[in-house]
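These numbers come from the heavy atoms of this one structure, side chains and all, not from hydrogens, waters or symmetry mates. Just so it is clear, the model here is predicted, and its values are computed rather than measured. Note on naming: letters A, B, ... go to the chains in the order of the sequence lines (proteins, then strands), and numbering restarts at 1 for each one.
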Protein chains: 2
Amino acid sequence: MQAAPGEPLVASSRGPGRARGARRLTLGDMAEALQVSTATVSLALRDSPLVAPATRERIKAHALAAGYVYNRSAAALRTARSNMIGVAVHDILNPYFAEVFRALEDELGRENQVVLICNHRDDVARQQRFIDTLMQHRVDGLVICASVGTRVEDINGLADSGIPVTLICRDVAGARVPVVRSDDVAGARMVVSHLIAQGHRQIAMIGGRRQSSSGHDRNLGWKLALEEAGIDVAAQLDIPELMTTADGRDAVAQLLSATPRPTAVFAFNDLIAHGLLSALRRAGVEPGRDIAVAGYDDTDGAASRTPALTSVWNKPDEIGKTAAALMLRQIAGAPVTEMPAPILPELRVRESTPPPKPGGEGQARGA
Amino acid sequence: MQAAPGEPLVASSRGPGRARGARRLTLGDMAEALQVSTATVSLALRDSPLVAPATRERIKAHALAAGYVYNRSAAALRTARSNMIGVAVHDILNPYFAEVFRALEDELGRENQVVLICNHRDDVARQQRFIDTLMQHRVDGLVICASVGTRVEDINGLADSGIPVTLICRDVAGARVPVVRSDDVAGARMVVSHLIAQGHRQIAMIGGRRQSSSGHDRNLGWKLALEEAGIDVAAQLDIPELMTTADGRDAVAQLLSATPRPTAVFAFNDLIAHGLLSALRRAGVEPGRDIAVAGYDDTDGAASRTPALTSVWNKPDEIGKTAAALMLRQIAGAPVTEMPAPILPELRVRESTPPPKPGGEGQARGA
DNA sequence: GGCAACACTTCAATCGATTGAATCAGAGGC
DNA sequence: GCCTCTGATTCAATCGATTGAAGTGTTGCC
């Protein structure tokens, strides 16, 4: 599970410890200076009611003046609490996750938790390495947007070992931990239904890792909306796996050469949608006029593009806040049994999804 | 410097420690099980040559089988090394920093360092809070893109207390720590000279916190290029402080109503440039035809926009790598005395900066 | 005066790994 | 047989904060 037999199981820190700098001030030093016990100093700094107010202020004043820096390693050793929480996502570069992260950090920071973040880049090994390291640091909890390919036993194993775990954004089937996510089926359905209502009948879906719950569910929502409207799903263009702006750009050739050519495109996320918008325009097909394009996540740039992008707002801040609250509850010792309900996203209709061009291609083409 | 007299100086962790889960396996437990001393176990796991190879493998096999998890808090207490490095930047949402961060993480991860990141959002207090927390966790080093308003004494104070510090991207005048940054004066000069060479004479600069070295220097580069060409700097539009896409969007009104109207715009960063492109097009002024727009950072989206954005490539990966190397060297005990030379950026010319429109406005207008 | 209650303060064990010094077993030399 | 040397292992102190238990001194009450 961890290192190969040849390698160290624990990473020895090379080089000399405490490279420079004098020995740091400890509780004991201050106790000596103030002629009290270390216990009193410890309690005073933490505002315990056990020490007299006058003593407490004297000690705190001294600590401040002397530049005392609390040693959390020492405290962590004794209390078995590190005040650190690990967050693993596949890509903080995605503004959507940056939003989630910000909310998490705000909420947890309030409780003096430090947030450690890792980009696992959808690489299970990277994710596992990061989790191993965090466990060594005895983090108080893990927030994970599981990499594609994550085994449910690994997640459950973590939970069983006693560490609070919360999954975000992506579900892992069979996991016995809370999952905070939005309802991707519903979100996709909203936006595809909107396209159908606009009159589109050739609606491609582009992108999404179908092995991840979000990729799977948005694809499902797309299918359900089509079926509901009596549209043949099998006749639609469906390109999986893409995730980035560059991917979206690259997909345009395939999109434009499809027969019949889609009159509308549902992109797995806004990044892909942005790539589509750029490359479509470059190809002479004006999005928002010649073709409808919808995104997902409603990230910062969506409203400001030309054309303004129709997208599904996922409520990343709500996801971050909810996940933070769940973590804190678990850390406080309350096991979370009921699963939080998926958050219902909101459709935001803008210029990029007009009705199909009247005399346009799409309905009948290639003839 | 830290808490107000009323508040705890150290944040007590509320709630019970070790909420659930059985006691974890320790070195001692394994020593007992294997009938050796804890010292042997400790040494074996770290591949010390002091233990016989056979013993070592026996111990490692047992540790693996029993699911032992190394406790770094305990080790940190003894060795005064935490294997954590803190990184403070103003905004990881900016893809530029995400790139820097990725390089840092890759390099430091190789040395078993965990990277803690914080968005200080250009708020000195937030930055200070984060640094205080990291010091409590006894991080091995700090990588800082200093918030606007950071006092040089605080940076030097950190360094003097013995902790390795490296500044990135922004300089803090008078700091006695290495600074890894690109040459912003040169970069700005390149791009503005390019605009001048295209024939532009009204070149606005938009954005950048002029209190930060990057904002100041890019502004300086802009001025120098203009002066060099004998263009009156004072007659140019210069809008400071903006930083985001939304800011760029909002600046367009001011840009278009300026007299004489600029024929070219130099944006402090790509985010602003993106905002400009969108809003200009919406206002009916086609960037790349009616007006030239150049960005800075050459982040992911720059090449794929329509029009493709001329930008200055800042080499974020090189910055990250260099900073990581400097940190590791300092942590290893080698004080870094010589300051690394600023990295020379590269101009990347694309479609967004054509020559001024022949019969266009700009030269004489408002008449 | 005696005793309990109370408010502080201190004692001392503890968390788990590290490491310089000490020990031990066996090989080799004289 | 005794001594030294070497390689492997162990001893035991240590890092710095926390905390249950024990110890002070004071006050209040009967």
Side-chain angles (χ1 to χ4, degrees), chain A residues 8-18 22-32 34-59 63 66 68-83 135-138, chain B residues 8-18 22-32 34-59 63 66 68-83 135-138:
Chain A
L9 266 186
V10 303
S12 63
S13 45
R14 280 178 268 281
R18 179 134 43 219
R23 206 176 70 74
R24 278 217 249 240
L25 206 61
T26 69
L27 284 189
D29 297 335
M30 295 198 292
E32 199 175 358
L34 293 170
Q35 291 293 304
V36 293
S37 72
T38 60
T40 303
V41 177
S42 172
L43 294 168
L45 292 185
R46 284 175 297 140
D47 278 353
S48 159
L50 290 177
V51 314
T55 316
R56 181 198 315 153
E57 292 313 322
R58 192 163 64 96
I59 292 174
Y68 168 71
V69 178
Y70 182 62
N71 187 332
R72 274 178 200 269
S73 294
L77 180 56
R78 184 61 224 260
T79 61
R81 288 279 311 267
S82 66
N83 285 54
M135 293 299 287
Q136 296 183 352
H137 281 287
R138 295 288 190 275
Chain B
L9 266 185
V10 304
S12 63
S13 46
R14 278 178 269 281
R18 179 133 44 221
R23 208 175 68 77
R24 279 216 249 239
L25 207 61
T26 71
L27 284 189
D29 298 334
M30 295 199 290
E32 199 175 358
L34 294 170
Q35 289 295 303
V36 293
S37 73
T38 61
T40 304
V41 178
S42 171
L43 294 168
L45 292 184
R46 282 175 299 141
D47 278 352
S48 160
L50 291 177
V51 315
T55 317
R56 181 198 316 151
E57 291 313 323
R58 192 163 63 96
I59 292 173
Y68 169 71
V69 178
Y70 183 61
N71 187 333
R72 275 179 200 268
S73 293
L77 179 57
R78 183 63 225 259
T79 61
R81 288 279 312 268
S82 65
N83 288 295
M135 293 299 287
Q136 296 185 351
H137 281 287
R138 294 292 190 272

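Side-chain atoms of T38(B) never come within 3.5 Å of backbone atoms of L27(B) as a donor-acceptor pair (strictly under, hydrogens ignored). Put simply, the side chain of R78(B) never gets that close to the backbone of A74(B): no donor and acceptor are under 3.5 Å apart. Of the possible donor and acceptor atoms, none in the side chain of R72(B) sits under 3.5 Å from a partner among the backbone N and O of M135(A).
In this structure, CZ of R81(B) is placed 13 Å from P of dT18(C), rounded to the nearest angstrom. Rounding to whole angstrom units, OH of residue Y70(B) and P of dA17(C) are separated by 8 Å. Look at CG on L45(A): it is 10 Å from C1' on dA17(D), rounded to the nearest Å. Atom CE in M30(B) sits about 11 Å away from atom C1' in dG16(C), given to the nearest Å. The nearest whole Å value for the distance from the CZ atom in R58(A) to the P atom in dC8(C) is 14 Å. When the P atom of dG16(C) is taken as reference, atom CG of L25(B) falls 10 Å away, rounded to whole Å. In this structure, CG of L27(A) is placed 20 Å from P of dT14(C), rounded to the nearest angstrom. One interatomic measurement links the two molecules: CG of D29(A) to P of dG16(D), which rounds to 8 Å at whole-angstrom precision.
What you find for S82(A) and H137(A) is that their closest heavy atoms are CB-O, 3.8 Å.
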Working for side chain to side chain contact (heavy atoms under 4.5 Å, CB included), residues N71(A) and Q136(B)
CA-CA 5 Å; N71(A) 187 332; Q136(B) 296 185 351; over 6 Å; no
Between V36(B) and M30(B), is the side chain to side chain contact (heavy atoms under 4.5 Å, CB included) condition met? List the steps.
CA-CA 8 Å; V36(B) 293; M30(B) 295 199 290; over 6 Å; no
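Picking from dG16(D), dT19(D), dT18(C) the nucleotide with the shortest atom distance to the side chain of A74(A) gives dG16(D).
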Every protein N/O lying under 3.5 Å from an N/O of nucleotides 24-28 of chain D:
none

Interface polar pairs with nucleotides 9-13 of chain D, N/O, under 3.5 angstrom:
unit_1: dT9(D); atom_1: OP1; unit_2: T55(B); atom_2: OG1; d: 2.8
unit_1: dT9(D); atom_1: OP2; unit_2: A52(B); atom_2: N; d: 2.9
unit_1: dT9(D); atom_1: OP2; unit_2: T55(B); atom_2: OG1; d: 3.3
unit_1: dT10(D); atom_1: OP2; unit_2: S37(B); atom_2: N; d: 2.9
unit_1: dT10(D); atom_1: OP2; unit_2: S37(B); atom_2: OG; d: 3.2
unit_1: dT10(D); atom_1: OP2; unit_2: T40(B); atom_2: OG1; d: 2.6

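Contact annotation: R46(B) side-chain N/O to dT19(C) OP1/OP2 distance is under 4.0 Å. For the OP1/OP2 pair of dA17(D) and a distance below 4.0 Å, the side-chain nitrogens and oxygens of Y68(A) include at least one atom meeting the criterion.
Interatomic distance, CZ of R138(B) versus CG of N83(B), reported as 15.0 Å (0.5 Å rounding). With rounding to the nearest 0.5 Å, the separation of CG in L34(B) from CG in D29(B) is 11.0 Å.
Taking the side chain as every heavy atom from C-beta outward, L25(B) and V69(B) never approach each other to under 4.5 Å.
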